[in-house]
Structures are given as C-alpha cells and as structure tokens.
Amino acid sequence: MSQRLINIGAALLGSAALLAPIGALAHGPTRQKVVQSVDIAAPPEAVWAVAGNFHDMSWDPAVTATAGDGGNAVNSLRTLTLKSGGQITESLERYEPAQFTYGTFLPHNDPKVLPVSNFSTVLTVSAAGDGKSTVQWRAAAYRGDPNNDPPPELNDEAAVAAMNAFLRTGLDGLKQKIESGAH
C-alpha cells in the first residue's frame, strides 16, 4: 500500500473520531416516566367500582366530560374534555378487573392541550391493609416536541410537569369522591 493511501486512511479515521461525539449529542428525546399514588380509606373493590370504569372519569376534576365507545373492552376509545380546554382521546390497551388495573394509550395529541406525545398510563388499585387501598397511576410519554431543541413549553421538563399534574389532580379527585361518599 502506498504511503499516500495510508495517509488518506488515517485522515478519514481521524475525522470520523472527531465527528463521533457530535453524533452522540444529536439524539432524539427520551421517554419520560412519572408515578403518582394515593391512599384511600376504602377497600380495593369499592375503589375499583369508581375508578375501574374506563368511560367514567367523573372523579377527575380536570375532566369536564367523557365520551367513548366499547365500554371496558380492549381497544375502546374515550375522549376526555378537559377543564383547561381541549380534548384528548385515549384507547384502552389492557383491562384486568381481577387485578384492579387498566392501561391506556394516547398516540396522537395536540401538544397545546397536553405537552406530550405517545402518552401511556397504567392505573392500579391494591390493598393497603385495614380495609384501605392504594391507587397507583403511572405514566410515560415523550415530550411534546421531538426535535433536539424544543421550546420550553414542549421540553422534557414540561412533559414531566404536565403528567405529574394530570395524575395528581385525578388521584386527589378520586380520593375525595370516594372518601366523601359521593359515588
């Protein structure tokens, strides 16, 4: 091999090594995850009787109306009209009443309504002893803007804050409804 080819090869390898860190910085968004929970002074069966109906979100003060099709069958859809304005439409991805759990997915969303994309949740009711329950609501999503430099209202922090607020408001509303006997 000639010295010229060796020099060209070395130059190409050196250039590739310099560009590698730049490529590592140019990745897309990462999935953000949040978990919220609440203890409720009622047995799991009573909590599930309120929270387990996919088409009834009357316990969530952030939701002014719920419309849907298919009941609690997997792939059913529900559209939530939010008090803050706008709507989100979720599909029921799994429904396991014997385990007091269901999971939802919101594939497409107006980021002005909720600054996330590919939003999924899992709500689970479990026994907490002494006739009480713990409700855990987990969520995961990508930020509202998938580009490398999203505006502040659509970045990872905004997505996490919005998911936490959405779940917390719902869980606090569920606790209030059940413990006040308004169900």
Side-chain angles (χ1 to χ4, degrees), residues 18-40 47 50-70 72 74-95 101-125 134-179 182:
L18 290 174
L19 293 176
I22 293 170
L25 294 174
H27 64 81
T30 56
R31 193 152 173 84
Q32 303 298 308
K33 298 175 183 177
V34 300
V35 177
Q36 293 281 333
S37 63
V38 67
D39 292 327
I40 299 177
V47 174
V50 175
N53 182 351
F54 177 62
H55 292 295
D56 180 6
M57 293 283 290
S58 62
W59 47 269
D60 190 330
V63 176
T64 60
T66 306
D69 67 2
N72 292 325
V74 171
N75 296 321
S76 296
L77 297 176
R78 74 176 173 198
T79 299
L80 306 176
T81 302
L82 304 178
K83 189 175 191 177
S84 61
Q87 295 181 324
I88 59 175
T89 299
E90 300 176 294
S91 66
L92 185 60
E93 296 297 305
R94 77 178 217 227
Y95 189 79
T101 190
Y102 69 82
T104 68
F105 184 60
L106 171 67
H108 305 291
N109 177 53
D110 179 352
K112 292 177 186 156
V113 175
L114 196 62
V116 299
S117 62
N118 292 308
F119 181 56
S120 61
T121 69
V122 175
L123 185 136
T124 303
V125 180
T134 297
V135 180
Q136 182 184 74
W137 206 358
R138 297 178 316 207
Y142 291 95
R143 64 182 177 231
D145 183 338
N147 295 311
N148 285 336
D149 294 313
E153 68 275 12
L154 298 175
N155 66 16
D156 288 339
E157 293 78 15
V160 167
M163 288 189 294
N164 273 316
F166 184 78
L167 300 184
R168 182 81 265 142
T169 299
L171 289 174
D172 290 347
L174 180 63
K175 177 180 177 75
Q176 196 278 326
K177 181 172 184 164
I178 292 171
E179 289 184 353

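These figures come from a predicted structure and were not determined experimentally.
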What distance separates [X] [atom1] from [Y] [atom2], expressed to the nearest 0.5 Å?
{"X": "Ile88", "Y": "Leu106", "atom1": "CD1", "atom2": "CG", "value": "5.5 Å"}
{"X": "Arg94", "Y": "Tyr102", "atom1": "CZ", "atom2": "OH", "value": "12.0 Å"}
{"X": "Asn109", "Y": "Asn118", "atom1": "CG", "atom2": "CG", "value": "9.5 Å"}

By salt bridge (charged side-chain N to carboxylate O under 4.0 Å, His left out) - contacts of [X] (at least two apart):
{"X": "Arg31", "answer": "none"}
{"X": "Asp156", "answer": "Arg143"}
{"X": "Asp69", "answer": "none"}

Sorted by chain and number, sequence neighbours left out, ring-ring contact (aromatic ring centres under 6.0 Å, His included) with Trp59 holds for Trp137

Side chain to side chain contact (heavy atoms under 4.5 Å, CB included) between Glu179 and Ile40, worked out
CA-CA 7 Å; Glu179 289 184 353; Ile40 299 177; 4.0 Å; yes

All side chain to side chain donor-acceptor pair (under 3.5 Å) counterparts of [X], not counting sequence neighbours:
{"X": "Asp39", "result": "Thr134"}
{"X": "Thr124", "result": "Thr101"}
{"X": "Asp145", "result": "Asn147"}
{"X": "Tyr95", "result": "Asn72"}

### Any donor-acceptor N or O pair under 3.5 Å, side chains Thr81, Thr64
no

Residues Leu123 and Ala51: closest non-hydrogen pair is CD2-CB, 4.2 Å

Name all residues meeting the side-chain contact (heavy atoms from CB on, under 4.5 Å) criterion together with [X]; count only those two or more places apart in sequence or in a different chain, and write none if there are none.
{"X": "Glu157", "value": "Asn155"}
{"X": "Glu153", "value": "Pro151"}
{"X": "Ala162", "value": "Leu114, Pro115"}
{"X": "Thr66", "value": "Met57, Val63, Arg78, Leu80"}

